[in-house]
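Quick note on labels: first sequence line is chain A, next is B, and so on, each numbered from 1. Since we're looking at a predicted model, the values are computed, not measured.
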Protein chains: 2
Amino acid sequence: MSDTITPGTRAATIRDVAALAGVSIGTASKALNGRGKLRPETRERVAAAARQLGFQPNTLARGLLRGRTFTVGLVTSDSFGRFSIPVMLGAEDALGAGQISVFMCDTRDDPIRERHQVQTLLARRVDGILVTGRRTEPRPSIGTDLPVPVVYAMTQSADPNDFSVIPDDIGGGELAVRHLLATGRTRIGHITGPQRFLAARQRADGMAKVLDDAGLQAAGGAAFFGEWSEEWGRQGADILLRTQPDVDAIFCGADQIARGVAETLRERGRRIPDDVAVIGFDNWEAMALGSRPPLTTVDMNLHKVGRVAADHLLAAIGGQPIGGGVEEVECELVLRESTGPISQPLTPDPND
Amino acid sequence: MSDTITPGTRAATIRDVAALAGVSIGTASKALNGRGKLRPETRERVAAAARQLGFQPNTLARGLLRGRTFTVGLVTSDSFGRFSIPVMLGAEDALGAGQISVFMCDTRDDPIRERHQVQTLLARRVDGILVTGRRTEPRPSIGTDLPVPVVYAMTQSADPNDFSVIPDDIGGGELAVRHLLATGRTRIGHITGPQRFLAARQRADGMAKVLDDAGLQAAGGAAFFGEWSEEWGRQGADILLRTQPDVDAIFCGADQIARGVAETLRERGRRIPDDVAVIGFDNWEAMALGSRPPLTTVDMNLHKVGRVAADHLLAAIGGQPIGGGVEEVECELVLRESTGPISQPLTPDPND
DNA sequence: GCCAGACAGGAATAGGTTTTCCTTAATCGC
DNA sequence: GCGATTAAGGAAAACCTATTCCTGTCTGGC
């Protein structure tokens with residue numbers, strides 16, 4: 001309409017491009033999207049105009065038209081903490097490949113806020129929603145009959161009709177303890193987080209299962225549940241050493257705990273790993289590498305958890321129905337020095 | 001057009017609401033937005049219809065029309081790490097109040113990827129862009145003549161026409177050392193990160209300034225630059241203790257370093273804080289609280305950095321022009337036991 | 001020379017909302 | 001009782017793009 005355009009660069013529309021190239025809007029659209037029958041020369045003229053104007057097609061208009069926005073919402077209740085971030089990055093990897101942008105929402109653990117954010121996402125017509133969080137107990141579903149698919153990652157919906165991707169904590173516990181057994185330990189204690197955390201119980205279950213198969217029992221009779229803190233690691237190790245002085249390995253439910261355990265062991269004169277092996281959980285590098293010696297630990301593959309969840313969401317968006325259920329992603333053992341000498345690290349044998 | 005609607009709940013449009021309420025589309029819009037002249041009875045009828053259908057106005061259409069999307073892009077090069085997350089949450093606080101949603105983009109430190117993401121954001125017609133990063137190091141501008149305002153937070157644009165919000169690292173260094181002087185320390189060493197980091201140099205500058213004013217000098221003559229790691233903290237403390245055995249305080253450029261320093265001090269038989277006071281930087285709670293004793297440290301107020309940056313961005317979106325420049329947010333000292341007994345913590349004196 | 005078909009590009013529509021302008025009916029003032 | 005004003009709500013344009021359908025022109029075949 002008016003020729004007086006604000007000094008600040010104003011985003012060009014396809015109308016501007018068409019005018020500059022001397023064609024109609026429809027033709028410009030076809031030229032830019034490689035559709036229709038056009039002379040190569042015309043296509044090039046439109047492309048040049050678009051380049052000159054720095055044209056970027058307005059995604060809103062496109063979304064309105066096609067009924068797909070190529071966006072998803074990411075709702076987290078972990079304040080984007082240590083756990084949800086790798087998940088998020090994994091998801092972004094999977095989604096970014098499909099040109100999908102991510103709206104992030106932090107619920108601050110407030111259900112009201114969460115409901116509101118889901119409403120907002122729906123108003124923005126996201127194509128799907130990813131819910132992530134800190135893994136405690138299964139959480140209430142964010143909505144049973146939403147118009148878009150939903151996938152839970154690193155947290156689990158209480159509604160069996162929802163689909164969740166979580167780490168295999170039982171398997172992680174098994175992995176850790178199998179490694180300890182394989183390196184000759186038999187008097188193995190377990191110091192871990194609060195019992196109300198499903199993850200803590202499952203890791204302990206995994207441990208119990210492997211010990212049981214080997215005809216053994218946990219040192220101290222059962223897992224020591226406490227907190228996810230170094231301080232508890234120190235206390236727990238203290239108790240364990242007093243009641244089970246002959247313990248030769250400690251499996252910890254978190255790297256923070258392992259770190260506290262390691263400190264107490266050293267102060268009590270136990271050498272790691274010679275006298276007592278220590279193994280952590282999470283592979284939180286700042287903790288695991290800062291510890292002395294560096295911690296062998298179980299990595300939950302959170303990046304993969306995020307990627308798998310996003311892949312499922314993409315499939316669902318693409319129309320492939322997802323039933324309810326849970327998919328577990330395997331954990332991985334990361335070997336460092338707290339459980340024994342590293343046998344020939346990654347460098348290949350020069351004689352080979 | 002067709003009456004055969006897919007079984008899956010389909011988002012209701014204002015047309016459905018209008019039909020159900022028996023009014024025209026325009027009237028429905030006015031009723032829902034409190035505009036125009038309508039009978040209260042009609043308004044209520046429309047509202048009821050909207051409630052019944054779970055109507056959420058399509059934000060795409062609205063954005064298309066009004067030229068504002070109520071979204072901003074958040075571009076980070078920190079992989080949403082320890083520093084950018086508090087910034088992000090602060091920003092979300094400020095933006096959420098204005099009903100603004102956030103697109104998150106992680107550049108993975110790849111300039112190509114970054115350019116691409118900025119293009120995508122512009123195509124999505126965000127109202128503004130927030131750029132955040134790991135450290136305050138000046139970085140290349142994301143674009144000099146973008147059609148939307150840009151604010152940098154916790155990172156700094158090399159272009160003086162851009163606006164950046166960063167923590168006041170010099171002030172943080174001053175704060176730390178002034179506290180040490182106030183508690184009677186005079187032989188103060190400084191162990192910190194790599195010299196190529198502006199933040200490291202500025203913290204050292206703040207320290208030097210305060211010492212200078214007091215007629216003192218750093219123990220060891222100057223700051224010990226190294227790495228942001230516990231290992232370097234241990235090494236650095238070792239060196240410092242050998243060359244300056246009478247040191248009575250160590251200011252560390254990061255909590256990780258402080259933690260390593262504290263460990264070495266204890267192993268060399270120095271009591272903290274009685275013989276040597278230790279002070280960290282970052283207030284990374286997992287580190288600061290796990291250390292023994294818990295670390296006094298400098299908190300960069302990252303949440304506030306994010307909030308302030310977002311406030312500026314909002315103002316700019318609202319039309320208020322921002323010039324280039326840098327705004328610094330004050331640091332804050334968090335007192336814990338590594339610099340002396342906590343004098344009557346937060347609980348008020350019962351005799352008062 | 002005329003018709004069929006290909007070729008190049010234009011016109012129009014849809015998508016959902018907001019806003020401006022209009023229409024209709026009712027009320028007021030004299 | 002009649003013109004003028006107000007109340008209540010409808011019709012249509014605008015935002016920007018992709019697509020479908022349509023028009024006009026040119027070429028080739030007979």
Side-chain angles (χ1 to χ4, degrees), chain A residues 1-2 5 10-47 49-50 53-70 99 122-127 147, chain B residues 1-2 5-6 10-47 49-50 53-71 99 122-127 147:
Chain A
M1 266 313 116
S2 81
I5 288 187
R10 193 187 189 73
T13 81
I14 200 171
R15 187 195 313 271
D16 305 326
V17 175
L20 182 58
V23 298
S24 77
I25 295 178
T27 304
S29 173
K30 286 174 212 161
L32 294 173
N33 296 304
R35 308 262 157 139
K37 296 250 170 197
L38 273 67
R39 259 191 325 219
E41 171 201 331
T42 308
R43 277 188 207 283
E44 181 45 42
R45 197 148 35 90
V46 173
L53 295 172
F55 170 73
Q56 290 282 117
N58 185 326
T59 324
L60 299 176
R62 194 184 255 170
L64 192 55
L65 192 57
R66 308 221 289 190
R68 270 203 62 185
T69 55
F70 289 85
Q99 303 282 21
L122 294 180
R124 293 198 182 277
R125 297 302 188 266
V126 294
D127 296 331
Chain B
M1 266 313 118
S2 82
I5 289 185
T6 338
R10 191 187 191 74
T13 81
I14 201 171
R15 187 195 314 271
D16 304 327
V17 174
L20 182 57
V23 297
S24 77
I25 295 179
T27 303
S29 173
K30 286 174 211 159
L32 294 172
N33 296 304
R35 308 260 158 140
K37 296 248 170 201
L38 273 68
R39 256 187 330 214
E41 171 201 330
T42 309
R43 277 190 206 285
E44 180 45 42
R45 199 150 32 92
V46 173
L53 296 172
F55 170 72
Q56 289 283 115
N58 185 326
T59 325
L60 299 176
R62 191 185 259 166
L64 191 55
L65 192 56
R66 307 220 289 191
R68 270 203 61 185
T69 56
F70 289 85
T71 58
Q99 304 280 21
L122 293 179
R124 293 197 182 277
R125 297 300 189 267
V126 293
D127 297 330

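- Smallest separation of non-hydrogen atoms from Ile14(B) and Phe55(B): N-CE1, 3.3 Å.
- Arg68(B) pairs by the salt bridge (charged side-chain N to carboxylate O under 4.0 Å, His left out) definition with Asp127(B), not counting sequence neighbours.
- Here dG24(D) presents its P atom at 19 Å from CG of Leu38(A), a figure rounded to the nearest Å.
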Please walk me through it: do Leu32(B) and Val46(B) pass side-chain contact (heavy atoms from CB on, under 4.5 Å)? CA-CA 7 Å; Leu32(B) 294 172; Val46(B) 173; 3.9 Å; yes
Can you give the dot-bracket line for DNA chain C, using ( ) for pairs inside the strand, [ ] for pairs that cross earlier ones, | for pairs with another strand and . for unpaired bases, where Watson-Crick and G-U count if both distances are under 3.5 Å? ||||||||||||||||||||||||||||||
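- Partners of Ala19(B) by side-chain contact (heavy atoms from CB on, under 4.5 Å), not counting sequence neighbours: none found.
- Residues satisfying the side-chain contact (heavy atoms from CB on, under 4.5 Å) test with Arg43(B), not counting sequence neighbours, are Ala31(B), Leu38(B).
- Smallest separation of non-hydrogen atoms from Arg125(A) and Gln56(B): NH2-O, 3.2 Å.
- Between the CZ atom of Arg68(A) and the P atom of dA14(C) there is a distance of 24 Å, rounded to whole Å.
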Polar atoms only, N or O, under 3.5 Å: list the protein pairs with nucleotides 16-23 of chain C and their distances.
residue	atom	partner	partner atom	Å
dG16(C)	N2	Ala61(B)	O	3.4
dT17(C)	OP1	Asn58(B)	N	3.0
dT17(C)	OP2	Ile14(B)	N	2.4
dT18(C)	OP1	Arg62(B)	NE	2.9
dT18(C)	OP1	Arg62(B)	NH2	2.8
dT18(C)	OP2	Ser29(B)	OG	3.1
dT18(C)	OP2	Asn33(B)	ND2	3.2

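- Closest non-hydrogen pair, Thr71(B) versus Arg124(A), comes out as CG2-NH1, 3.4 Å.
- At dA8(C), none of the side-chain N or O atoms of Lys37(A) fall inside 4.0 Å of OP1 or OP2 (strictly under the cut-off).
- Leu20(A) pairs by the side-chain contact (heavy atoms from CB on, under 4.5 Å) definition with Ala49(A), Gln52(A), Leu53(A), not counting sequence neighbours.
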